[in-house]
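These values consider heavy atoms only, across backbone and side chains, with no hydrogens, waters or symmetry-generated copies.
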Amino acid sequence: SESIAIALWRRPAQTGKRLVRGALSLGELRRATDRELALAAVQAVRDKLGEIEGTLATAARKTAGKTALPGAELARLSADHARLGARIGACSVAQGELRAAEELCLEALSRDIDAVDMVDAAVAQRAQFRRDLFWLVTALRPQQHGATLMVHSPDARAAVVAWVKLALAAAAHHGFHAHVHLWAGERGWETRTIDDVVADPPAAAVVRVAGSGADLLYVLEAGLHKFLGLAGEACHAWVSALEPRATFTDLEWANLPGPPQPKAPRGLVFREVSISDDSVKVYGDDLDAPWSELAQRLPEAAVDRILETIEHTGHKCRFDHGDELWKWTHPLGAAS
């Protein structure tokens with residue numbers, strides 16, 4: 001597997017053995033990249049791009065001095081074409097670079113030339129590819145402009161703090177605007193700072209993230225998180241995806257539910273974090289991104305969850321419409 005290949009590459013060894021392991025690791029990474037770019041969700045984006053190109057070509061032919069489509073529609077299609085093309089292009093470039101790196105590594109191996117730096121660069125390129133892949137496989141999903149989530153813990157408030165810090169740091173890295181809210185009894189949810197959360201750890205918190213694509217990324221945080229080495233024994237946090245938006249009226253804020261009753265940490269843990277090992281697992285499999293870098297590399301964890309779901313359940317996720325990976329609880333009502 002990819003994680004095993006990277007782990008083998010990073011294990012200390014003599015230069016010759018390290019080069020052999022590097023070549024084998026690059027081969028596995030390149031094959032994994034090829035497989036992922038053959039996913040049905042990726043092909044659907046390619047098909048959509050071709051469809052838009054055909055529509056634009058037809059619309060460009062003027063009849064009686066007028067185009068076949070209104071200007072606003074042409075602008076929308078052109079924007080979609082540019083967006084989808086950029087998504088495919090970023091992943092295709094990474095695919096080409098990994099293929100080239102594999103060939104160069106094999107050539108270096110045959111000549112007994114040190115290519116350690118090249119393999120390290122290719123591993124970093126693969127990590128960037130995985131981040132780009134997330135935005136590619138979700139490119140056809142309806143996109144909102146924000147996300148509101150609730151986190152609570154049944155056994156340790158430190159787990160709430162850890163997840164809130166992750167959510168806010170990830171938002172800052174991706175150019176989103178995030179706010180955290182704590183329960184104030186009859187006053188409802190009130191805005192607080194991360195310093196407030198750290199100074200007086202809450203049992204529950206609401207996090208709002210505003211930004212284009214925030215809903216696609218943060219909804220995949222929903223589920224059961226497990227933390228090792230954070231508060232003595234293993235502790236947990238439940239994250240619920242409330243609404244795919246980040247702005248509410250005063251009436252909606254008043255109707256937003258308060259902290260839920262503690263819920264036992266039973267069922268499937270989708271993410272396990274080991275603080276002492278600085279490691280992350282998704283559905284039991286190692287994630288290449290360490291916990292200390294997860295905020296900056298959150299799309300890697302998100303796409304890993306998507307791919308693990310496909311692999312372990314055999315379910316072909318529908319990336320253009322809703323399925324179990326993109327569920328919002330809508331506590332304010334489906335119409336909201």
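- Every residue two or more places apart in sequence or in another chain that forms a side chain to side chain contact (heavy atoms under 4.5 Å, CB included) with Ala122 is listed here: Leu26, Leu98, Ala101.
- If you chain together ILVMFWY residues whose side-chain heavy atoms come under 4.5 Å of each other, Val93 ends up in a group of its own.
- Shown here are the side-chain hydrogen bond (donor to acceptor under 3.5 Å, both in side chains) partners of Arg87, two or more places apart in sequence or in another chain: there are none.
- Each side-chain hydrogen bond (donor to acceptor under 3.5 Å, both in side chains) pair with one or both residues in residues 161-173, not counting sequence neighbours, appears once here: Trp163-Glu221.
- Residues passing the side-chain hydrogen bond (donor to acceptor under 3.5 Å, both in side chains) test with Glu190 are Arg187, Arg192, sequence neighbours excluded.
- Applying the side-chain hydrogen bond (donor to acceptor under 3.5 Å, both in side chains) definition to pairs two or more places apart or across chains, those involving residues 200-216 are Gln143-Ser212, His181-Arg208.
- Every residue was checked against the side-chain hydrogen bond (donor to acceptor under 3.5 Å, both in side chains) condition with Gln144, not counting sequence neighbours, and none meets it.
- Using a 4.5 Å cut-off between side-chain heavy atoms of Ile, Leu, Val, Met, Phe, Trp and Tyr, with links allowed through other members, Val269 and Trp291 fall into different hydrophobic clusters.
- For residues 127-146, no pair satisfies ring-ring contact (aromatic ring centres under 6.0 Å, His included), with sequence neighbours left out.
- For the salt bridge (charged side-chain N to carboxylate O under 4.0 Å, His left out) criterion with Asp288, the lone passing option out of Arg130, Arg297, Arg126 is Arg297.
- Counting only residues at least two apart or in different chains, salt bridge (Lys or Arg N to Asp or Glu O under 4.0 Å) contacts with residues 70-84 comprise Glu73-Arg76, Arg76-Asp80, Asp80-Arg83.
- Ser153 places no side-chain N or O within 3.5 Å of a backbone atom of Ala237 that could act as its donor or acceptor partner.
- Between Arg46 and Glu53, no side-chain nitrogen of the basic residue sits less than 4.0 Å from a carboxylate oxygen of the acidic one, so the salt-bridge criterion is not met.
- For the side-chain hydrogen bond (donor to acceptor under 3.5 Å, both in side chains) test, residues two or more places apart in sequence or in another chain that qualify with Asp47 are Gln43.
- Contacts classified as side-chain hydrogen bond (donor to acceptor under 3.5 Å, both in side chains) and involving residues 231-240 (residues at least two apart or in different chains) are given here: Asp155-His236.
- Every residue two or more places apart in sequence or in another chain that forms a side chain to side chain contact (heavy atoms under 4.5 Å, CB included) with Arg30 is listed here: Asp34, Arg99, Glu102.
- One finds a salt bridge joining Glu28 and Arg31 here, because a Lys/Arg side-chain nitrogen approaches an Asp/Glu carboxylate oxygen to under 4.0 Å.
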